[in-house]
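Counting starts at 1 for both ligands and their atoms, following the listed order. Remember, it's a predicted structure, so these values are computed and weren't measured experimentally.
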Amino acid sequence: MRVLFIIIDGVGDRLIKGKTPLQRARKPNIDKVAKFGICGISDTIAPGVVPGSDTSHLAIFGYDPYKYYVGRGILEALGAGVKVYDGDIALRANFATVDAKFEIVDRRAGRIDEKDAKALAEEIRHLKIRDFDFFFTHTKGHRGVITIRGERIRASPLFTDSDPHSLGPIAWTKPLDASEEAKRTSEAMNEWTKKVNQILKVQEVNKRRIKEKLLPGNAIIARGASSFVEGVVYKGATYSGQYAKSLVKIERFEEKYGLSAVCVAGGPLYKGVARYLGMDAVEVKGATATIDTNLEEKVKATEASLKKYDFVFLHIKGCDIMGHDGNADGKKKFIEKIDKALKPLINSNIGSNLIVLTSDHSTPVSLKNHSADPVPIAICGPNGTIRRDAVKKFDEISLTSGGLGRIYGLNIMPIIMGIMGKAKMFGT
Ligand code: ZN
Ligand code: ZN
């Protein structure tokens with residue numbers, strides 16, 4: 001028995017004129033998983049906690065995010081395929097436009113296009129500042145990842161964001177503790193930011209952009225410094241991606257569960273979470289993590305992966321985007337699109353493999369943001385493996401009367417292990 005684990009990002013919602021988007025959508029294939037499965041709702045982190053996509057995915061895979069969350073920078077870097085080594089620091093970064101006094105005029109450099117961003121990124125790919133190597137990798141659009149590696153001194157993630165999250169003066173970073181490492185990394189970071197501006201502002205690409213009345217990409221602003229030690233994570237978040245120093249060993253997914261695992265996703269964050277847990281991640285052509293993603297290709301990649309791996313995690317992003325956009329009809333339509341695309345996958349696996357269908361958090365269209373509302377979950381397995389309940393529809397309301405009841409995200413993997421007959425007895 002293999003596991004097909006599908007996460008529909010942000011699918012959970014609230015009632016809009018009496019019904020949720022899941023209730024409104026026609027989705028016979030998704031409903032089949034609920035009808036032949038065991039159903040419930042899940043608080044991915046805990047009741048009342050509003051989950052981020054990163055922390056909730058960790059919890060769903062059985063890793064307590066309060067213990068294992070290292071901040072977004074490292075996850076983004078791993079997701080983008082950047083090589084990260086023991087002791088490296090990673091930050092998420094943006095091309096921005098600043099004036100001569102380092103006042104931010106635009107946080108995304110006028111949403112600089114792929115081609116210009118890539119060309120500029122080449123110029124700042126590797127810079128040596130004092131004791132540190134700074135690497136910049138362009139990811140998508142105006143976005144990128146910075147990694148910092150210490151030579152004689154370890155780089156520290158304990159410094160503040162240079163991204164002020166608003167227009168106005170750039171936020172020069174400050175160390176967050178009294179350590180020499182934090183002080184030196186923070187100083188080097190500021191020096192890097194100035195150096196990058198000197199390099200970028202004279203590039204032909206930017207001169208051309210100014211001539212064309214486009215905003216130049218003449219600065220990089222960064223946030224969410226986080227550190228990586230292979231097999232080990234820094235424990236205990238203080239705030240916004242800064243982490244305290246007690247070390248915890250992180251067990252690879254395969255070691256923990258005895259299941260070889262792979263991720264099929266478009267968004268770098270999800271591939272990053274998967275790689276962080278030691279899963280493989282496949283690249284799928286046309287997987288964009290938007291509503292235009294190529295679902296058919298993702299389904300094909302998932303089918304192929306199920307022949308090679310015990311556990312296949314398929315991530316679908318679009319519903320979360322529709323939720324953030326406040327687009328109820330778009331969300332319903334995307335659910336219907338997912339349902340059509342999943343038809344062959346559900347049909348070929350129902351009754352033979354374990355299918356888990358759930359989400360990482362709710363993204364109600366009325367809030368245009370994540371909420372603490374529990375998410376739907378249905379688990380369907382071969383005959384005799386699960387205690388099928390009376391639920392027939394996969395939606396927030398119907399699922400509440402199912403046999404799983406209301407569970408935590410951290411309960412999902414143990415439940416799967418139990419169904420697969422891999423759970424160890426407690427006591428005699
Ligand atoms: Zn999410
Ligand atoms: Zn979201």
Side-chain angles (χ1 to χ4, degrees), residues 5-14 16 20-22 30 41-65 68-76 78-80 92 94 139-141 143 165 223-224 240-241 263-277 279 281 287-293 295 298 313-328 330-332 334-335 337-338 356-377 394 396 408-410 412:
F5 199 104
I6 305 170
I7 293 186
I8 307 178
D9 203 304
V11 73
D13 215 296
R14 293 180 180 172
I16 310 150
T20 70
L22 267 174
I30 287 174
I41 51 174
S42 153
D43 292 289
T44 47
I45 298 180
V49 177
V50 180
S53 283
D54 41 15
T55 48
S56 56
H57 274 75
L58 287 177
I60 290 167
F61 293 130
Y63 294 82
D64 183 348
Y68 295 110
Y69 182 53
V70 282
R72 184 107 180 215
I74 286 293
L75 301 175
E76 287 278 341
L78 288 170
R92 304 166 73 195
N94 273 10
T139 52
K140 262 183 190 160
R143 297 193 188 91
H165 303 270
R223 62 198 183 278
S240 95
C263 156
V264 180
L269 177 65
Y270 312 97
K271 286 187 264 190
V273 171
R275 288 187 178 128
Y276 176 63
L277 301 178
M279 293 184 194
T288 55
T290 66
I291 57 163
D292 306 320
T293 194
L295 284 176
K298 283 174 87 173
F313 154 42
L314 169 62
H315 178 269
I316 303 170
K317 178 76 175 166
C319 287
D320 180 54
I321 297 171
M322 291 295 99
H324 284 290
D325 286 352
N327 185 343
K331 195 165 179 179
K332 167 189 163 265
F334 195 70
I335 294 167
K337 192 173 163 185
I338 295 172
V356 183
L357 195 53
T358 188
S359 183
D360 54 346
H361 51 76
S362 298
T363 312
V365 293
S366 57
L367 293 184
K368 297 186 179 180
N369 213 338
H370 302 183
S371 74
D373 300 293
V375 302
I377 179 164
F394 188 87
E396 300 86 340
Y408 286 87
L410 277 174
I412 298 172

Anything under 30° is parallel, anything over 60° is perpendicular, the rest tilted; go ahead and classify Phe5 against Phe313.
perpendicular
At their closest point, which heavy atom of Gly12 faces which heavy atom of Pro376, and how far apart are they?
CA-CD, 4.3 Å
Which angle, to the nearest 10 degrees, do you find at the Zn ion (ligand 2) between OD1 in Asp320 and NE2 in His324?
90°
Is the shortest heavy-atom distance from the side chain of Leu58 to the side chain of Tyr276 under 4.5 Å?
yes
Check: His370 and Ser53 side chains under 4.5 Å, non-hydrogen atoms
yes
For the Zn ion (ligand 2), what is the closest N, O or S atom on His370?
NE2
Angle subtended at the Zn ion (ligand 1) by OD2 of Asp360 and NE2 of His361, to 10 degrees?
100°
Considering just N/O/S atoms, say which atom of Asp9 is closest to the Zn ion (ligand 1).
OD1
Rounded to the nearest 0.5 Å, how far apart are CG of Asp292 and CZ of Phe334?
8.5 Å
Is Ser56 close enough to the Zn ion (ligand 1) to have an N, O or S atom under 2.8 Å?
no
